[in-house]
Amino acid sequence: MEPTERQQRIFDETDAAAWVESGMTIAIGSPPPMALVRQLIRRGFSDLTVIDSGLSLDLLIAAGCVRKVVSYYAGGGFGVAVAPSFRRAVEQGEIEVWECEEGILATGLQAAAQSLPFLPWRGGVGTSLPQINPDLKIMADPISGETLIAVPPVKPDVTLLHAAAADPYGNVQHLGGPGWLDLFLHRAADRTIVQVERIIANEDTRANPWATTIPSADAVVRSPYGAHPYYSRGFYVQDQEHLQAYVKAANAAARDNRSDDLARYLATYCREPATHADYLERVGIKRLLSLYEY
Amino acid sequence: MEPTERQQRIFDETDAAAWVESGMTIAIGSPPPMALVRQLIRRGFSDLTVIDSGLSLDLLIAAGCVRKVVSYYAGGGFGVAVAPSFRRAVEQGEIEVWECEEGILATGLQAAAQSLPFLPWRGGVGTSLPQINPDLKIMADPISGETLIAVPPVKPDVTLLHAAAADPYGNVQHLGGPGWLDLFLHRAADRTIVQVERIIANEDTRANPWATTIPSADAVVRSPYGAHPYYSRGFYVQDQEHLQAYVKAANAAARDNRSDDLARYLATYCREPATHADYLERVGIKRLLSLYEY
Amino acid sequence: MSQDYTPQELMAVFIARDLRDGEVLRVGVAMPVVEAAVRLAHVMHGPNMELIFLGTRMNVAHLHSLPMPAFGWDRRVVRWAESYSDTGHRFDRVKDWHRHVFFIGGVQVDRFGNSNLIGIGPDYRRLRFRGPGPVGTATLTTHVGRYYIVLNSHTPRTLVECCDYVSAFGWGTGGADARQQLGLPGGGPKYCVTPLCVMDFAEDDKHMRLHALHPGVSQADVQDRTGFDLTTPEPVSTTPPPTAEELHVLRTRVDLAGLLSRSTKGE
Amino acid sequence: MSQDYTPQELMAVFIARDLRDGEVLRVGVAMPVVEAAVRLAHVMHGPNMELIFLGTRMNVAHLHSLPMPAFGWDRRVVRWAESYSDTGHRFDRVKDWHRHVFFIGGVQVDRFGNSNLIGIGPDYRRLRFRGPGPVGTATLTTHVGRYYIVLNSHTPRTLVECCDYVSAFGWGTGGADARQQLGLPGGGPKYCVTPLCVMDFAEDDKHMRLHALHPGVSQADVQDRTGFDLTTPEPVSTTPPPTAEELHVLRTRVDLAGLLSRSTKGE
């Protein structure tokens, strides 16, 4: 049967998480799509290769989901020089790092998006990066012989993003620009799932098509406050207190081997709430409403 | 003396044309910024290398400004299979073509913008392009040995663009998206001059910063109806009658060696009007007002 | 001939039927048959198709009619846009192009579906005929899932033994693995559609082959106007004519200006 | 010490004075001294500066005060935006970066200004200390016109003879042409600014060299806390203290939250 109507791409966070399997390469945008990240933890995925930075990466490591990290930055972002669970797991040799750098990662993602077996990049020439990441090859450019780094494709199986809005057909619009490498992560991925604060009508998309940042996301997940405890541009700011509580718990586990608080955090906020709405209920509406932008 | 105020970047089309010199490489966006293109002809520049497509390219060739063409397409766009002056000049060996293709040109522009001595591209493998353009080198990728084309940087000295609006500080906003390779042409160029339908206040830019397509054009030229006889998205459609009259004159010169009409066209519309406003006066307000979008 | 449709309408209907729902259709300039075909498919059976005209991406399945602009280069299509691909990213998600379908013309097309938009003549520095240039065809034909060669006329000048220059690689010098050997990920040309017939490419050697004759056209007509020996299966099938519904939709909801219905039979 | 400013304020003022109008200043996360410095320069003498915070590009010379957010990663800076660089083009106009100025910290910085954000320990698979990672420093330091190394503390653990790993190339193993030999177009590190002093790089061998001691700091203090022999010119100059106007502007129009004025002298 031919379909007679355009098919919608709206999923809930539980269905969307079914697109992920243990062992996959998962890319996580900025701000991190925490409703989806928490679903990964709840499902108990393991052996993931994670392309991410910051504390969402740390949480996935703390929850035991990660085997390999592709990251240019695993700091905490507000006085947390290095994300605690990341630091401990790397120092203990429990996870592997595919050492890279922002420009090099963008180049590898671009190579994947362009179906190219490599792209050259100059940033990193002279550094230790090609020694500690043997996938980065020093090369002489074929025209003038200059020294460059050949970066292989970096291909996420699934990219998870957070954005302001999308229509039912996967047309995504950000407020205040997409984060960091979001568009690179999307273009390189086999599939892209975008959680959004709001689902808008297709008419809203066509009213300002230039604002469409991702034209055909594979799935759209409605997740109001879905980036919490992170910010969502145009909606709310970061919940510093919540993040600091997480960092404290993660530090206790990583530095002092006291993992009770971290286990409690993971249970309370990631494993027990069956849905995103259940999570928000635990955070509490008063706290959420206090995170206004101005 | 330190400046105490932010400096504006507004120029008129005559001053802006002073940034060009004979022999330079000039890139022309889409729609072509015809007010600036006509100034190039009026000034009598010669030996230009022109990165352009379509009839603006043809006009520059007819006016004797061009020595070399970097183009992926020199058709006329509406039943004109090949731009007449381009066709004649190439067949006569009067101008040189740096044969390329849209993806290859974008790759060369990207290499220039990224200060890379080359970028690889797959489109064109198996074609005649590397034979007829020896700057394109067949290469084996250094990781898996696949066959690719190494494209050298394509660097405009000056890029000329048309857009809907810009503020006095060079923040450019398009309506309905920038044309074709406009952003590539800008990023690769040493300097970018953008003619606009309207100059807007800086406050307008900041009201919708995501709409800023080019963040720091070197010069902004106010040119209402400046793309005429081409379209300007959100303002007016193409003047088919005017373009057809040009094509007819150019065809007569190219095919039948009757160059009177073409000479008259060049004199009337390009060489005699001292300013863009003088040009518009010759076109006539009634004709301009008839080019509404629907 | 007493047919109540033009060859251009037949071509558009043939192509439209071959397009599947959900595909992304990339249409260049100055191809009215193709512009009509993708619109017809979108209206008739493709509510999930995405149409990309000159960098403007749209799905307009909600509209009753999709008028073709009076000329190919009409930027007014932006009124239907859901997004733009000309954000400086035109070639930034090539990996997704296996879902994309492209359409190409040619100054010359050879027996293996290679095409030439560069020019004609043995000396590149002094071409006898200078063509418009490759546009984006080298890149698009490298990556798209499949493409259609669509010609406005069927003549031995266009359909040649061997292109003077190749601007888009079809099947090279033949062979089922011709593209694979060069590492070209796209599926290559599927059909060559002309005002006389539809041709495809033989599975084994990828030689161009007669697939269907348009009603009223003979095999001899086609071979006479083709510059190489065309492989021909026995018996030759006939291009199925448009249904009444297809013609009705085409004329009342797509080709309102009658660009195709006023065309004469192309030679 | 009886100074009426903190070392952090002195560092911000030193850096601000060295920034020229019209430059593009790229500021990463968690560098409050730098965030203050670029804002101070913008207010005092840089109406044509462009400030890029985390992908948000702004010129806010029209505002009376430019409050620093309470934490580095505050997306509320978008309220000042004129454009965003995170449109998938973050690295797409590198050729223009000769006008850009960048600021970098480091887990280790060595005598030739190479820096390390990767980690400490001889075995990369079992680091004694795992750092945050290179962020964008390898690319930015390769291309920007110049950059500043800005350290929160001055200790021999940070200022080392030789980095265990280099994540941003400064002057390699020394020599005026160290960068040129590798084809790195950017101008390299200009100053290393710490709570104790300002250091630069000798013209000939690019060895780090004492440029100016902060008021009240002795040369011995600095050498004691530096993990390599610091070249020292005679006589050593003193970092000019902030003027009353600079301090006033810094405290009333930039650092409204007092992030720098409440800092203690870094060790």
Side-chain angles (χ1 to χ4, degrees), chain B residues 30-31 53-54 71-83 86-88 90-93 96-97 99-104 106-107 121-129 131-132 146-148 175-184 186-187 213 231-234 237-238 240 293-294, chain C residues 28-30 54-56 70-76 78-79 81 83-91 94 105 107 114 116-119 121 124-143 163-170 172 178-179 181-185:
Chain B
S30 173
S53 60
S71 184
Y72 57 89
Y73 178 64
F78 51 95
V80 181
V82 190
F86 166 81
R87 178 179 164 188
R88 181 197 160 107
V90 176
E91 290 174 0
Q92 301 293 315
E96 191 187 332
V97 178
E99 196 80 41
C100 60
E101 189 262 1
E102 230 168 316
I104 290 174
T107 300
W121 195 241
R122 203 190 293 273
V125 168
T127 71
S128 308
L129 289 167
Q131 281 94 61
I132 59 186
E146 292 183 43
T147 301
L148 300 168
L175 280 177
W180 299 102
L181 295 171
D182 280 14
L183 299 187
F184 286 92
H186 158 62
R187 294 190 303 240
T213 42
Y231 63 88
S232 180
R233 283 181 178 178
V237 298
Q238 210 154 276
Q240 285 302 106
E293 276 219 315
Y294 335 94
Chain C
V29 297
L54 297 173
T56 301
F71 41 94
W73 209 311
D74 192 329
R75 290 290 183 166
R76 280 172 286 188
V78 301
R79 73 181 132 165
S83 68
Y84 301 104
S85 60
D86 287 341
T87 60
H89 295 296
R90 183 171 274 219
F91 304 102
V94 165
V107 169
N114 305 298
N116 172 14
L117 284 165
I118 293 169
Y124 173 72
R125 302 272 149 213
R126 278 300 181 108
L127 294 170
R128 275 205 323 275
F129 168 72
R130 169 66 219 195
V135 208
T137 60
T139 294
L140 279 153
T141 59
T142 294
H143 292 282
C163 289
D164 289 3
Y165 306 92
V166 173
S167 49
F169 185 92
R179 295 177 65 88
Q181 289 218 348
L182 283 176
L184 308 180

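Chain A is the first sequence line, chain B the second, and so forth, proteins listed ahead of strands; every chain is numbered from 1.
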Option that, when pairs with chain C are counted at under 4.5 Å, heavy atom only, ranks first among Ala74(B), Pro31(B), Ser71(B): Ala74(B)
N/O donor-acceptor pair under 3.5 Å between Thr127(B) side chain and Phe169(C) backbone: no
Heavy-atom pair with the smallest gap, counting every atom of Ala81(B) and Pro132(C): O-CB, 3.4 Å
With sequence neighbours excluded, residues passing side-chain contact (heavy atoms from CB on, under 4.5 Å) with Ser83(C): Thr212(A), Pro215(A), Arg57(C)
Pick from Val166(C), Val135(C), Asn116(C) with the largest number of heavy-atom pairs that fall under 4.5 Å of chain B: Val135(C)
Distance-minimising heavy-atom pair for Pro134(C) and Cys100(B): CG-O, 3.1 Å
Test log, rule side chain to side chain contact (heavy atoms under 4.5 Å, CB included), inputs Val125(B) and Thr142(C): CA-CA 8 Å; Val125(B) 168; Thr142(C) 294; over 6 Å; no
Steps toward side chain to side chain contact (heavy atoms under 4.5 Å, CB included) verdict (Arg88(B), Arg130(C)): CA-CA 8 Å; Arg88(B) 181 197 160 107; Arg130(C) 169 66 219 195; over 6 Å; no
Contact origin within Thr137(C) toward chain B - heavy atom pairs under 4.5 Å: backbone
Test log, rule side chain to side chain contact (heavy atoms under 4.5 Å, CB included), inputs Val82(B) and Phe129(C): CA-CA 10 Å; Val82(B) 190; Phe129(C) 168 72; 3.7 Å; yes
Exercise: identify the closest heavy-atom pair between Leu127(C) and Glu91(B): O-CG, 3.5 Å
Side chains of Tyr124(C) and Glu99(B), donor plus acceptor under 3.5 Å: yes
Backbone N/O of Thr139(C) and side chain of Glu101(B): donor-acceptor pair under 3.5 Å: yes
Considering all heavy atoms, the nearest Leu129(B)-Ala138(C) contact: CD1-CB, 4.3 Å
Chain C contacts, top residue of Val97(B), Asp182(B), Thr147(B), Ile104(B) (heavy-atom pairs, under 4.5 Å): Val97(B)
Under the side-chain contact (heavy atoms from CB on, under 4.5 Å) test, residues paired with Glu146(B) that sit two or more places apart: Pro117(A), Arg122(B), Asp141(B), Ser144(B)
Gly126(B) versus Leu182(C), closest heavy-atom pair with distance: CA-CD1, 3.7 Å
Interface moiety of Ala178(C) toward chain B, non-hydrogen atoms closer than 4.5 Å: neither
Segment of Arg128(C) engaging chain B (4.5 angstrom heavy-atom cut-off): backbone
Distance in Å, Gln131(B) CD paired with Tyr165(C) OH, rounded so as to fall on 0.5 Å steps: 10.5 Å
